Structures are given as C-alpha cells and as structure tokens.
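Single-structure report; data block below.
Every value quoted in this text rests on a predicted model; they were computed, and no experiment measured them.
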Amino acid sequence: MANIPSTLDAVTLATAELARAMLERLDTPLAWQGDRLHHGASGFVAQMHFDCTAGWLVAVLLLAMTALGSLARVPWRRLARWAAVGMAVIVVLNQLRLVVVLWVGVHAPALFDVMHEWVSPLALVAMGAAIVMAALRPGARPSSHPAGATAG
C-alpha cells in the first residue's frame with residue numbers, strides 16, 4: 001500500500017522546487033534551508049504545504065463537475081474531457097500563482113499576506129468555477145426535443 005503522506009510530500013516538494021527554479025529565471029533566487037525557501041538579500045522565508053499545490057481545488061473541481069454534470073445530464077465523455085483540461089489548467093495556473101506570490105514576498109513584502117491569503121486563492125477558485133460553468137454550458141448539451149419539434 002502506498003504511503004499517502006510521502007506521496008503528498010513529494011508533490012509539495014516538486015511544486016516548491018519548480019517555483020524556485022522559475023523564480024531563479026526571474027532573477028529572484030531562493031535557496032532551501034531545511035524545509036523552507038529563503039531569499040538571502042531580503043530575508044524572506046516561505047514554507048510550502050500540500051495546500052500550496054491546489055490539490056484541494058482539483059478535488060473540488062472534479063466533485064462539482066461530477067455532481068452538477070449528472071444533474072444537468074451532461075454526457076460523461078464531455079465531463080471527462082473538461083475534467084482533464086480543467087485539472088491541467090488549475091495545476092499550471094497554481095504554479096504561476098506560487099511564483100507570483102513568492103516573487104511578491106521577496107520584492108513587495110507588504111503585499112504578501114493580501115496576495116497569499118486573498119487575491120491569488122480567489123483568482124484560482126474563480127478559474128475553477130469558470131471551468132465548471134464551461135463544462136455545463138447549455139449549448140453543449142443534447143436537446144431533449146427532436147430536431148424541428150416544439151414543446152407545447
């Protein structure tokens with residue numbers, strides 16, 4: 001049986017390391033000090049948690065698509081396609097979110113808490129909601145009436 005905490009830790013570490021590498025390309029080098037990322041010149045320190053990977057949002061996205069898609073009678077293949085695209089979009093946007101939040105922590109520390117706690121999570125949740133709404137849009141569902149028939 002897989003060790004779940006180790007798997008989650010590996011995802012968190014990979015997410016953090018990718019953000020660190022991306023920031024290095026933006027001339028904002030962070031170094032590992034134990035389990036924390038540190039920027040020497042500014043003194044900024046960040047610790048990554050599994051919540052930082054947006055794994056929770058991917059789970060909510062799948063749950064919402066499944067429940068709402070079932071109620072709206074959206075074909076499961078369409079839901080599966082949207083779920084795959086949605087998960088990929090959320091993971092990529094979350095990675096960019098982490099880079100921006102860490103960059104702000106180094107270069108504009110006064111804005112870090114607002115970016116970390118409010119702006120970036122709300123933007124990510126809004127994107128998740130937009131993906132669910134796109135998957136459920138009425139024009140994509142098969143009509144309940146045969147072509148040319150009218151309700152009446």
* Asked: Which atom pair, heavy atoms only, marks the closest approach of Arg78 to Ala134?
  -> NH2-O, 3.3 Å

* By ring pair (Phe, Tyr, Trp, His ring centres under 6.0 Å) - contacts of Trp103 (at least two apart) -> His107

* Asked: So Leu37 and Phe44, side chain to side chain contact (heavy atoms under 4.5 Å, CB included) or not? Walk me through it.
  -> CA-CA 8 Å; Leu37 288 170; Phe44 175 75; over 6 Å; no

* Under a single-linkage definition using a 4.5 Å side-chain heavy-atom cutoff for Ile, Leu, Val, Met, Phe, Trp and Tyr, are Val60 and Val74 assigned to the same hydrophobic cluster? -> no

* Taking the hydrophobic residues Ile, Leu, Val, Met, Phe, Trp and Tyr, and joining any pair whose side-chain heavy atoms are under 4.5 Å apart, which ones share a cluster with Trp76? -> none

* **Heavy-atom check, side chain of Met48 versus side chain of Leu98, under 4.5 Å** => yes

* **Single-linkage hydrophobic cluster Met65~Leu63, side-chain heavy atoms < 4.5 angstrom** => no

* Is the number of heavy atoms from other residues, nucleotides or ligands within 6.0 Å of CH2 (Trp118) greater than 12? -> no

* Asked: Is there side-chain contact between Leu79 and Thr66, with heavy atoms separated by less than 4.5 Å?
  -> no

* To do: Decide whether Val106 and Phe112 are clustered together by the hydrophobic rule: side chain heavy atoms of Ile, Leu, Val, Met, Phe, Trp, Tyr closer than 4.5 Å, transitively.
  => yes

* Structure fact -> Interatomic distance, CG@Leu68 vs CZ@Arg73, rounded to 0.5 Å, equals 14.5 Å

* **Atom pair CD1 (Ile131) and CD1 (Ile90), whose distance is rounded to the nearest 0.5 Å** => 4.0 Å

* Asked: Are Leu23 and Val100 grouped together when hydrophobic residues (ILVMFWY) are joined by side-chain heavy atoms under 4.5 angstrom apart?
  -> yes

* Atom pair CG/CD of Leu122 and Glu117 - distance to nearest 0.5 Å -> 10.5 Å

* To do: Would you mind reporting whether Leu62 and Met87 have side-chain heavy atoms less than 4.5 Å apart?
  => yes

* **Considering all heavy atoms, the nearest Ser120-Met115 contact** => OG-O, 2.7 Å

* Counting distance only, does the side-chain N/O of Ser70 pair as donor-acceptor with the main-chain N or O of Ala67 below 3.5 Å? -> no

* Structure fact -> All heavy atoms of Trp56 vs all of Asp51, minimum pair found to be NE1-O, 3.3 Å

* Asked: Nearest 0.5 Å, what's the CG-CG distance between Leu124 and Leu61?
  -> 10.0 Å

* To do: Determine, using the 4.5 Å side-chain heavy-atom cutoff (strictly less than), whether Val45 and Leu30 are members of one ILVMFWY cluster.
  => no

Show every donor-acceptor pair shorter than 3.5 Å between a side-chain atom in residues 14-22 and any protein atom, with sequence neighbours excluded, or say none if there are none.
{"unit_1": "Thr15", "atom_1": "OG1", "unit_2": "Val11", "atom_2": "O", "d": "2.8"}
{"unit_1": "Glu17", "atom_1": "OE1", "unit_2": "Arg20", "atom_2": "NE", "d": "3.2"}
{"unit_1": "Glu17", "atom_1": "OE1", "unit_2": "Trp32", "atom_2": "NE1", "d": "2.7"}
{"unit_1": "Glu17", "atom_1": "OE2", "unit_2": "Arg20", "atom_2": "NE", "d": "3.0"}
{"unit_1": "Glu17", "atom_1": "OE2", "unit_2": "Arg20", "atom_2": "NH2", "d": "2.6"}
{"unit_1": "Arg20", "atom_1": "NH1", "unit_2": "Glu24", "atom_2": "OE1", "d": "2.8"}

* Asked: Asn94 versus Leu57: any side-chain heavy-atom pair under 4.5 Å?
  -> no

